[in-house]
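Everything below concerns the one structure shown next.
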Amino acid sequence: MGCCSSASSAAQSSKREWKPLEDRSCTDIPWLLLFILFCIGMGFICGFSVATGAAARLVSGYDSFGNVCGQKNAESELFPLSGMDHTHRKYVFFLDPCNLDLINRKIKSIALCVAACPTQELKTISDVQKFAEINGSALCTYNLKPSEYASPAVIGLCPRLPVPASAPIPFFHRCAPVNISCYAKFAEALITFVSDNSVLHRLISGVMTSKEIILGLCLLSLVLSMSLMVIIRYISRVLVWILTFLLILGSLGGTGLLWWLYAKQRKSPKETITSEQPQIAEANLRALLIYAISATVFTVILFLVMLVMRKRVALTIALFHVAGKVFIHLPLLVFQPFWTFFALVLFWVYWIMTLLFLGTAGTAVENERGLAEFTVSGPLQYMWWYHVVGLIWISEFILACQQMTVAGAVVTYYFTRDKRNLPFTPILASINRLIRYHLGTVAKGSFIITLVKIPRMILMYIHSQLKGKENACARCVLKSCICCLWCLEKCLNYLNQNAYTATAINSTNFCTSAKDAFVILVENALRVAAINTVGDFMLFLGKVLIVCGTGLTGVMLLNYQQDYTVWVLPLIIVCLFAFLVAHCFLSIYEMVVDVLFLCFAIDTKYNDGSPGREFYMDKVLMEFVENSRKAMKEAGKGGVADARELKPMVGGDEEAAALQEFHFLFLSLSLFTDCTCSGEAVVICITQDMLLFLFVCLPITWMAEFLSQLRPPSVKVS
């Protein structure tokens, strides 16, 4: 539900002026109540698992007969060795800790509660007997006395020899072997590139020896990320054009090199090709031709895109420049990823602990080996499904809160004419508005993402379980469905982010905000494409630059370490952390640019610079608008009177004209390529291009023109 009217009707009304950030009312209250009820359900699951004793069994551990270590236990009729007093036996000891069930992720061994873990290796049964007599910690089943350990009838009731040295795991009271080679099979199942234990030992020793270097390189990636944000602020204009020039130059050079290699290979004398490998040479020549044609098509499309969007790169530059000013006025935005990551970590720790509680909740039942196993029966056994949905929804809710917080702070900055009148802490003011008014909107947006993500995860699980069993058709269908759901999720994420911005501006509910944001994005489709392609590519290159800089520094530093020979794993850890840090910081920058674009679009849609309808935008964006006006006047579009009209961002005529320009150039170039390169198949190729133009290009143009008619009329300058 929405508690305030849409801002679009306010803007179209001539009785009062549209003013952002004025109406504040709660939005999507039913969804907030639903989210609160869902969180109460999550709390009930945690409380149920704790109340049924799962917390004690998880922390203290339990043996294979249903007894919890470190306390007195009640007797059970199913297990004769239950109901024992383990007050002085506080640790869980596995008779065969290396017997792992990799499929069910369990240790297939009898578990006992012992008073102490064996700190030294016990090679013979007499050593086990001496350990029990000296330390009072019996390592065989409870019905055996230490004097009976040497009997032949105790096979399977005493630990497998030799007993590895072990130490208790902090807070969880399990005796774990000190030598990690015991878990070599498990490690090989998780790390496929480990072929033997020596490689695993060298990798881990490399990480432990270089921990100071790893920490220093992680701090370096943090400094580089923050420095890059400052650099983009001051050299955004030069940086965009440099990257564009390098991209065009690289595509031209690569295409020319491929054609040169193809021509050289084709003209080379046949004598140079050995008689034993004529098919290999022919396959290489065919591959070169395919690569050259693919590179040519990519270069042509790149040229056409650059040609159509050359006038729209200026807006991307201006938005990046203003985004740098936003970070100067709102420095706390830089720390937004830390707060979000901290909240996610807290929730994930809670979720994992509750999941572990659920794994030990319920009543003790006898499994196929005659040992105790705790399971939940009845409808409560499906609680973990509810718990998994909670993981996705609440995680998306936290991320959506970050997006709404950033959007609210940037919107406040943009629509405050005098920047000296900004709130003392716009970030905290945005968080306050989020908590008071818009938690329901965030809950609804995150729930929509959850509805798309859950089916995709189910299909991915089915695909992994059927790997190697399904036929080619089923595999193709599954992959297609997963890909489509992934694309839908990305589109909804982008629309949600813009919907949160519209909510921060107009205080409308989620559906109204999403509709308004979608209309704005469709009206300015080419500008959105230019910002997303040029801006995202520049930020991606920034991430690559940070990762390469950190990795190169790591190689130089690790090269001087002589304590170990394998430093691949430390370098991978550093590079992954560097990419994560760069992605977090530059994603905030990208988010700020997207919010500024939507604010700029709404500003130019409802204001024209005349008295009473002054722009809110920055001087840099104002210069862009003035340059656009001058260009329209010089082009003489619509006469002198219409030249004074400022169309909202990109007018319908300009949008359709740009699309028609692109389609005309694409069709002309396609026909020219067909006539020169197709040979005998020229008629077929021309027919295909004409069908593509008639059934793809023209419908897109007509759709753009139709959507442009849905906009409110442009505002005239009086």
Side-chain angles (χ1 to χ4, degrees), residues 1-4 6-8 25-42 340 343-344 347-348 351 385-408 411 430-431 433-461 480-522 525 528 532 587 590-591 594-595 597-598:
M1 67 178 273
C3 301
C4 63
S6 175
S8 58
S25 52
C26 298
T27 56
D28 297 296
I29 294 180
W31 282 94
L32 176 59
L33 298 178
L34 178 63
F35 182 75
I36 293 175
L37 290 176
F38 185 86
C39 292
I40 293 175
M42 293 282 291
T340 305
L344 285 173
F347 170 68
W348 290 340
W351 189 86
W385 281 101
Y386 188 97
H387 197 56
V388 171
V389 174
L391 170 67
I392 302 174
W393 191 4
I394 297 179
S395 297
E396 292 294 332
F397 177 83
I398 295 173
L399 294 174
C401 286
Q402 171 187 325
Q403 295 175 353
M404 179 67 85
T405 301
V406 173
V411 164
S430 178
I431 294 175
R433 290 195 300 270
L434 166 65
I435 296 175
R436 292 181 60 186
Y437 304 115
H438 304 312
L439 283 178
T441 300
V442 171
K444 186 174 183 179
S446 57
F447 181 76
I448 292 175
I449 301 298
T450 304
L451 287 182
V452 179
K453 185 167 287 188
I454 290 177
R456 182 170 68 87
M457 297 178 65
I458 293 175
L459 290 179
M460 291 175 64
Y461 176 77
S480 299
C481 293
I482 293 172
C483 181
C484 291
L485 288 174
W486 180 83
C487 294
L488 178 61
E489 180 184 339
K490 295 300 179 183
C491 294
L492 289 176
N493 267 321
Y494 184 73
L495 182 60
N496 279 9
Q497 179 181 334
N498 288 277
Y500 299 147
T501 303
T503 298
I505 297 173
N506 301 323
S507 194
T508 51
N509 59 37
F510 178 81
C511 292
T512 303
S513 300
K515 182 197 70 174
D516 294 341
F518 180 76
V519 171
I520 291 291
L521 295 176
V522 170
V528 173
N532 286 336
S587 294
E590 179 184 358
M591 198 181 304
D594 291 337
V595 174
F597 169 75
L598 196 65

What's the verdict on side chain to side chain contact (heavy atoms under 4.5 Å, CB included) for Asn498 and Phe518, showing C-alpha distance, side-chain angles and the deciding distance?
-> CA-CA 8 Å; Asn498 288 277; Phe518 180 76; over 6 Å; no

Please list every donor-acceptor pair under 3.5 Å in which a side-chain atom of residues 449-459 meets a protein atom from a residue at least two apart or in another chain.
unit_1, atom_1, unit_2, atom_2, d
Thr450, OG1, Ser446, O, 2.8
Lys453, NZ, Glu396, OE2, 2.6
Lys453, NZ, Glu489, OE2, 3.3
Arg456, NE, Glu489, OE1, 3.0
Arg456, NH2, Glu489, OE1, 3.0

If only atom types and distance count, is the side chain of [X] paired as donor or acceptor with the main-chain N or O of [Y] below 3.5 Å?
| X | Y | answer |
| --- | --- | --- |
| His387 | Trp351 | yes |
| Tyr386 | Phe38 | yes |
| Trp348 | Ser395 | no |
| Ser513 | Thr508 | yes |

What orientation do Phe397 and Phe35 show, parallel under 30°, tilted 30 to 60°, or perpendicular over 60°?
->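 The arrangement is parallel - the two ring planes meet at less than 30°.
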
Could you grab the distance from atom [atom1] of [X] to atom [atom2] of [Y], nearest 0.5 Å is fine?
| X | Y | atom1 | atom2 | value |
| --- | --- | --- | --- | --- |
| Leu485 | Ser480 | CG | OG | 11.0 Å |
| Leu344 | Ile394 | CG | CD1 | 11.0 Å |
| Met42 | Trp393 | CE | CH2 | 11.0 Å |
| Leu34 | Cys39 | CG | SG | 9.5 Å |
| Thr501 | Asp516 | OG1 | CG | 12.0 Å |

Partner of Cys401 under side chain to side chain contact (heavy atoms under 4.5 Å, CB included), chosen from Ile431, Leu434, Thr340 | Leu434

When you compare the side chain of [Y] with that of [X], does any pair of heavy atoms fall below 4.5 Å?
| X | Y | value |
| --- | --- | --- |
| Ser507 | Arg433 | no |
| Leu32 | Asp28 | no |
| Leu521 | Phe597 | yes |
| Lys490 | Tyr494 | no |

Please name the pair of heavy atoms, one in [X] and one in [Y], separated by the smallest distance, quoted to 0.1 Å.
| X | Y | value |
| --- | --- | --- |
| Ala499 | Ala517 | N-CB, 4.1 Å |
| Met591 | Gln402 | CE-NE2, 3.8 Å |
| Thr503 | Asn509 | OG1-O, 4.2 Å |
| Tyr500 | Val442 | OH-O, 3.8 Å |

Do Asn493 and Gln497 pass the side chain to side chain contact (heavy atoms under 4.5 Å, CB included) test, and can you show the C-alpha distance, the side-chain angles, and the key distance before you say yes or no?
-> CA-CA 6 Å; Asn493 267 321; Gln497 179 181 334; over 6 Å; no

Does the side chain to side chain contact (heavy atoms under 4.5 Å, CB included) test come out yes or no for Asn496 and Phe510, once each step is laid out?
-> CA-CA 9 Å; Asn496 279 9; Phe510 178 81; 3.1 Å; yes

